[in-house]
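Please read the structure below before turning to the comments.
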Amino acid sequence: MNEEKRNSTDFASQGDAPAPQEKDVAAADVVFPAIVMILSVLAFYHAYGMRVPQTMLDAPGLFPMVMSSLIFLTAVVVFVNGIRNRGWQKLKRFWSQDGAIKGNVMLIRALVISALMLLYVYVLIPELPYFVASFVFLIALMLFLRSTKIIYIVVIAAVASYAIYYLFRHALNIPLP
Amino acid sequence: MEALLQRLAAEWALVTGVAGNVFAPQVLMLVLLGTFLGILVGTIPGLTATMTLALLVGLTYGLGFNSAIAMLIGIFVGAIYGGCIASIMINIPGTPSAAAAALDGFPLAKQGKGGLAIGVGTLTSFFGMLFGILCMILITPLVLRLALMMGAWEFFLLAILGITLCGTLSSQETAIKGWMVGFLGLFITTVGLDPIYATPRFTFGHVQLMGGIALVPALIGAFGISEVLMVLKEQVPYEITMRTGKIIPGMKQTLRLLPTAIRSGIIGVFVGAVPGAGEDISAWVSYGIAKKRSKHEEQFGKGSYEGIAAAETGNNAAISGTLIPIITLAIPGSGASAMILAAMIIHGIRPGPMLPLEHPGFTYHLALLLVIASVAMLIFGLALAKGLVYLLTAPRQILMPIIVVVCAIGAYASSFRAFDIRVMVLIGIVCYVLREMKYPIAPLALGVVLGPMADSEFRRAMLSSRGDLTAVFSRPIALVILLVIVLTLLLSSGVVMDKIRAAARSVRRKRARP
């Protein structure tokens, strides 16, 4: 058994085995499953407390209890794998690095785009007519992405917003938010 | 003999019965439009078949089932095919299922033979479609007969099997991550009022949550918004070879590819029918086997037409393959086909063993739509190939923001709740984060689709067996499904696979010794 283990390690170290990709996300494999474990315990507890109309066998809380248990079990395995892949050390190293987030251009881009989307659905759509909200959102996102020249961005945003509004509201008769 | 003729006459009556619906001018136009749009979408990298289908499930809600399914089938067929154009010309798959075609297509494009590679891809895609449709017509009744013998336990276990298989096959690294998000998908569907006793579950007093997490916004978020974030977070420049050369291959060349196409068609249908495997894996398996069986193995990866034929026949044959478990068991074979299932569910069509009684000739209905879409795909593909290459220059930084706006309408259109748009964006962002952490999204979507069925069947099964879990062992089909689940779990877990690999290595070492 030990010999087999040693051989398999040698095999991997020779580069014949596929690269161990999980180490790239090992830090996340510690944090995320830990959060999921806590949430699944809370979900189980909440489901357990649900009203039982007749029998537990068809109680509303039964299926969520089974699912939260399965989620908990799988999260434990991912968490243990994360620890084995030195996820904890990687996490500590990540936080101790200066500008770990600042230097990650892709992360910043994703964060800003997500923030713009949230702004669109939580602020612009409830407060403004759909056509105007979409126009503002398109300009903001395309400006951030530097899609093209500003004048073109304004024209594209106006044409796209109106075309979408006209196509769905009038041509396809679909109510808009 | 007479019985056979009677059976054939009855089947023909079913075909003619549904033909009226399929060949109605509006339906016909929508299949053609859907196929054309699908090819456009498939050609542009970043716009996937699943994303577009998720978006259009909501938008076609008002069209009625016949028209909606016609358009969705067209888009499904067109997008899976269209992916090969980007794969061949710029080495970036237009859709994930076209990735295998890039291995040989791009080297050919660099040699100025991109047009011929697209031509071979188009013809073999068409062949794969027809072969898949034929298999779907032949296999579906057999599976339906089996499905009639199934009860609550079997359907619940099938849902779990779908999640485990999908989780295993779609995970980039460990299968456990796929299972985890799959169970998460099943769990999400329990939010809202319980369908049996109307007990609020995980609503925390919010009125909006009483209606639950709607299927369409969840799917648009999972595939649409997360894809937009994945594409826009980085700017990948690519070089386009606009020189295509001739498109249509010669008769001799086409006939030489026939054995590869037939083999890949069979692989495509059967791999496609496995829940979670879908078009991507079908293409890779077909490509891998074609390479091993080829007399010119050395040409694979350097510009082999056989390689393109295998990949493209495989992924297109898989389209019909993925529809078999949908029609018979209400379990989708891939993320894209999960959208077809979602469309059926929201239009009140309940797939499964009772489908032939409730909607006679439904399989023929789908088959006819697929045939029309395939013919349209062949014509559009060959006629517009050169023009489609120009589409690859479309800037994604302009397209993607517009897609977000359309996604919002798609999420809203299914039940006219502004709340659904917020849910869509939140699920999209969560799914993006999951994808960054190498969690597959397909099992989550499958869980969201199968959740309500799994919940009700599990409770029905528990009630009918009075809580006795050993009841599964007295049901042969349930037992077989359970064994497959256990086998999947064991084979996918590292412990068993490590032992198998170690055993294989020791056998190889022994053989190598003189």
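Numbers restart at 1 for each chain; the letters A, B, ... are given by sequence-line order, proteins then strands.
Each of Ala160(A), Pro126(A), Pro64(A) has some count of heavy-atom pairs under 4.5 Å with chain B, and the biggest count is that of Pro64(A). Contacts with chain A were tallied for Leu426(B), Val406(B), Val405(B); Val405(B) has the most, counting heavy-atom pairs under 4.5 Å. Annotation: maximal heavy-atom pairing with chain A below 4.5 Å, among Val433(B), Val425(B), Val181(B), occurs at Val425(B). Across Thr189(B), Asp420(B), Leu63(B), Val404(B), the residue that shares the most heavy-atom pairs under 4.5 angstrom with chain A is Val404(B). Note: Arg201(B) leads Arg466(B), Met462(B), Arg201(B) in heavy-atom pairs under 4.5 Å with chain A. For chain B, the option among Ile164(A), Leu141(A), Ile71(A) with the highest count of heavy-atom pairs below 4.5 Å is Ile71(A). Taking Met56(A), Gln54(A), Met142(A), His46(A) one by one and counting their heavy-atom pairs under 4.5 Å with chain B, the maximum is reached by His46(A). Of all the listed residues (Val36(A), Asp58(A), Leu118(A)), the one sharing the greatest number of non-hydrogen pairs under 4.5 Å with chain B is Asp58(A). Comparing Tyr432(B), Tyr197(B), Phe187(B), Trp179(B) by heavy-atom pairs within less than 4.5 Å of chain A, the highest count is held by Tyr197(B).
Contact of Thr55(A) with chain B is made through the side chain alone, with heavy-atom distances under 4.5 Å. Contact of Phe202(B) with chain A is made through backbone and side chain together, with heavy-atom distances under 4.5 Å. Heavy-atom distances place no part of Val112(A) under 4.5 Å from chain B, backbone and side chain included. For chain B, no part of Ser40(A) is nearby; none of its heavy atoms comes within less than 4.5 Å. Tyr130(A) touches chain B through its side chain: at least one heavy atom from C-beta onward sits under 4.5 Å away, while N, CA, C and O do not. For Ala110(A), the parts lying near chain B are the backbone and the side chain together; criterion is any non-hydrogen pair under 4.5 Å. Contact of Pro53(A) with chain B is made through the side chain alone, with heavy-atom distances under 4.5 Å.
Ionic pairing of Arg51(A) and Asp194(B) is not present here: no N-O contact between side-chain nitrogen and carboxylate oxygen is shorter than 4.0 angstrom. We find that Asp29(A) and Lys438(B) are not joined by a salt bridge, their nearest charged nitrogen and carboxylate oxygen being 4.0 Å or further apart.
No hydrogens or angles considered: a donor-acceptor pair under 3.5 Å links the side chains of Ser134(A) and Tyr120(A).
Counting heavy atoms from C-beta outward, Val78(A) and Met180(B) have side chains that approach closer than 4.5 Å.
The aromatic rings of Phe131(A) and Tyr165(A) sit tilted, their planes meeting at an angle between 30° and 60°. Below 30°, between 30° and 60°, or above 60°: for Trp153(B) and Phe156(B) the angle between ring planes is above 60°, a perpendicular geometry.
Closest non-hydrogen pair, Met50(A) versus Gly61(A), comes out as SD-CA, 3.7 Å.
Using non-hydrogen atoms only and a strict 4.5 Å limit, the part of residues 150-159 of chain A facing chain B consists of Ile156(A).
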